[in-house]
Amino acid sequence: MYTTDLRTAEEKAEEARKGVPRSALDTDALEAEFQARIDADAYIEPKDYMPDGYRKTLVRQMSQHAHSEIVGMLPEGCWVGRAPTLKRKMILIAKVQDEAGHGLYLYSAAETLGTSREELVRQLLAGEAKYSTIFNYPTTNWSDVCTIGWLVDGAAITNQIPLCRCSYGPYARAMVKVCKEESFHQRQGYEALLQMMKGTEAQKRMVQDSFDRWFWPSLMMFGPPDSNSAHSSQNMKWKIKRFSNDELRQRFVDATIPQAEFLGVKVPDVIVKNAETDHYDFGELDWDEFMAVVKGGGICASNRIDARKKALEDGTWVRDAASAYAEKQQVATVAAAE
Ligand code: 3HC
């Protein structure tokens, strides 16, 4: 066969490995091979060929996810000093530390796609990158902290269990440990609420009030309705997403309403079990509120970003010290080898 392509077979293989195809023909072949691997449920690894769009959407989603973990520490972390008992304080400290760890895994996993953690954090602080809308709502009392565990971590698990089978290997593997920890978070929150519901009338009112304020925003964590979800159809083809926003939202409602009933809180009248579908109908969410919060109009939005900026500034000396120590170690290693 005649060809104008002067590369040797070895050069072609090397370029494919590095993900730098030279011609459109090669790109088509690589993309077909890439999609075939995804269709066969193989993992895509950092050095494998991947289309730019796949890389871009993963950096977007994984960094949004990492930012959500880090920002998500704030509404709970501010309750560590006010937890009602030593036991609750210990559990809360462990949970907030877990969220920090999730952020770190996810930033590391996102870095395997070629964008540095410094750049991802810069995008968050500059308002260029999103984080979950849910963390723009305030925690006004202890019951809110427990409700976050039950509903917010519960919604997070529902969304994240399928991510353990995401096509991108480093993301999928990170999610396995994250989901185990989120499961503990959800249970401790629900158990703390069960205790409050055995308490005084004032405690029961606090639980009901928290449920009323957090239930609808927790449903918005799953993203816009499928009809308005810009990325869903491509991301499902790439098996980044395994289920649509609406499917996961429904799954969460179906699991949560029986838990709410067992807990003893009154669920909104609009939520009714549909005998035909065997799912709970819950009506339309307030998508105007969702969009306003996504665009930075949430009650706590500026407070959250200010807190992250301060954390970055306060940690400068730690990063400087770690870099200086690493340099010293490197010099010592080189000197020892000479
Ligand atoms: N908050 C903020 N932005 C949201 C959002 C939410 N709840 N839901 C959707 N969006 C944004 C998307 O990022 C996208 O914005 P962009 O195009 O400007 O980047 C836009 O709205 C359109 O939404 P799509 O449905 O098209 O977007 P996705 O296909 O990415 O789906 C998602 C959204 C379901 C949130 C998906 O990104 C996802 O599964 N992400 C991973 C999980 C995650 O980020 N979870 C954060 C929850 S909190 C958490 O994990 C902390 C834990 O400790 C509780």
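Both ligands and their constituent atoms are indexed starting at 1 by order of listing. The analysis underlying the following values was restricted to heavy atoms, covering all of them including side chains, and did not include hydrogens, waters or symmetry mates.
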So is Met62 touching ligand 1 or not, going by heavy atoms under 4.0 Å?
no

Counting each atom of ligand 1 from 1 as listed, which ones have a heavy atom of Ala230 under 4.0 Å away?
26 (O)

Give the atoms of ligand 1, by number and element, whose distance to some non-hydrogen atom of Phe222 is under 4.0 Å.
34 (C)

Out of curiosity, Tyr171 OH to His65 NE2, how far, rounded to the nearest 0.5 Å?
5.0 Å

Atom 52 (C) of ligand 1 sits nearest the protein heavy atom Glu182 OE2, 3.3 Å

Taking non-hydrogen atoms only, is Phe243 closer than 4.0 angstrom to ligand 1 via side chain, backbone, both or neither?
neither

Do Tyr43 and Arg37 have side-chain heavy atoms sitting under 4.5 Å apart?
no

Angle class for the Phe34/Tyr49 ring planes (parallel below 30°, perpendicular above 60°, tilted otherwise)?
perpendicular

Does this structure show an ion pair linking Glu181 with Lys177, if we count only N-O contacts that are shorter than 4.0 Å?
yes

Does the pair Arg242/Glu247 count as a salt bridge with the N-to-O cut at 4.0 Å?
no

Heavy-atom distances under 4.0 Å decide this one: backbone, side chain, both or neither, for Met220 against ligand 1?
backbone

For atom 4 (C) of ligand 1, what's the nearest protein heavy-atom neighbour? Residue, atom name and distance, please.
Gln64 NE2, 3.9 Å

Is it the case that atom CZ in Arg187 sees more than 12 heavy atoms from other parts of the structure closer than 6.0 Å?
no

Note: Arg60, heavy atoms under 4.0 Å from ligand 1, region reported as side chain

Does atom 20 (C) of ligand 1 have a protein non-hydrogen atom under 4.0 Å from it?
no

Identify, for atom 43 (C) of ligand 1, the protein heavy atom at the shortest distance, and state residue, atom and that distance.
His65 CG, 3.6 Å

Heavy atoms only, cut-off 4.0 Å: how does Phe290 contact ligand 1, side chain, backbone, both, or neither?
side chain

Options Ile70, Thr57, Asn159, ranked by nearest heavy atom to atom 39 (O) of ligand 1, top entry
Asn159

Gln330 atom CD, over 12 foreign heavy atoms within 6.0 Å
no

Of the choices Lys95, Glu76, Lys130, which has the non-hydrogen atom that lies closest to atom 3 (N) of ligand 1?
Lys130

Hey, does Tyr171 come in under 3.5 Å of ligand 1, counting only N/O atoms on both sides?
no

Test item, Pro224 contacting ligand 1 (heavy atom, 4.0 angstrom)
yes

Start with the C-alpha gap between Gln35 and Asp39, add the side-chain angles, then the distance that decides, and say whether side chain to side chain donor-acceptor pair (under 3.5 Å) holds.
CA-CA 6 Å; Gln35 188 60 49; Asp39 294 344; 2.9 Å; yes

Would Gln160 count as a contact of ligand 1 if the rule is a heavy atom under 4.0 Å away?
yes

Whether Tyr190 and Trp150 hold their rings parallel, tilted or perpendicular, with breakpoints at 30° and 60°
tilted

Could you work out, for atom 31 (O) of ligand 1, the closest of Lys295, Gln61, His102, Lys241 by heavy-atom distance?
Lys241

Among Arg249, Arg242, His231, which one puts a heavy atom closest to atom 17 (O) of ligand 1?
His231

Quick one: does Tyr54's side chain get under 4.5 Å of Ile44's, heavy atoms only?
yes

Residues Asp246, Arg249: salt bridge by 4.0 Å N-O rule:
yes

One finds that the ligand 1 atoms under 4.0 Å from a non-hydrogen atom of Ser68 are 46 (C), 48 (S)

Note: Tyr131, heavy atoms under 4.0 Å from ligand 1, region reported as backbone

May I ask you to check if Arg251 and Phe243 form a cation-pi contact, with NZ or CZ under 6.0 angstrom from the six-membered ring centre and within 45° of the axis?
yes

For ligand 1, which atoms, with element, lie under 4.0 Å from some heavy atom of Gly223?
8 (N), 9 (C)

At a non-hydrogen distance cut-off of under 4.0 Å, which region of Ile134 contacts ligand 1 (side chain, backbone, both, or neither)?
neither

Among all protein heavy atoms, pick out the one at the shortest distance from atom 48 (S) of ligand 1; state its residue, atom name and that distance to 0.1 Å.
Phe135 CE1, 3.6 Å

Nearest to atom 53 (O) of ligand 1, what protein heavy atom do you find, and at what distance?
Glu99 OE1, 2.7 Å

Please state which option from Ala156, Gly154, Ser232, Ser233 has its nearest heavy atom closest to atom 54 (C) of ligand 1.
Ala156

Short N-O contact, Asp306 and Lys310, less than 4.0 angstrom:
no

Is the Tyr107 ring parallel, tilted or perpendicular to the His67 ring (thresholds 30°, 60°)?
tilted

Would you mind listing which atoms of ligand 1 come within a distance below 4.0 Å of any non-hydrogen atom of Ser229?
24 (P), 25 (O), 26 (O)

Any residue meeting ring pair (Phe, Tyr, Trp, His ring centres under 6.0 Å) with Phe135, in chain and number order, not counting sequence neighbours
none

Not counting sequence neighbours, which residues clear salt bridge (charged side-chain N to carboxylate O under 4.0 Å, His left out) with Lys241? List them please.
none

At what distance is the nearest protein heavy atom to atom 1 (N) of ligand 1, and which residue and atom is it?
Thr133 N, 3.0 Å

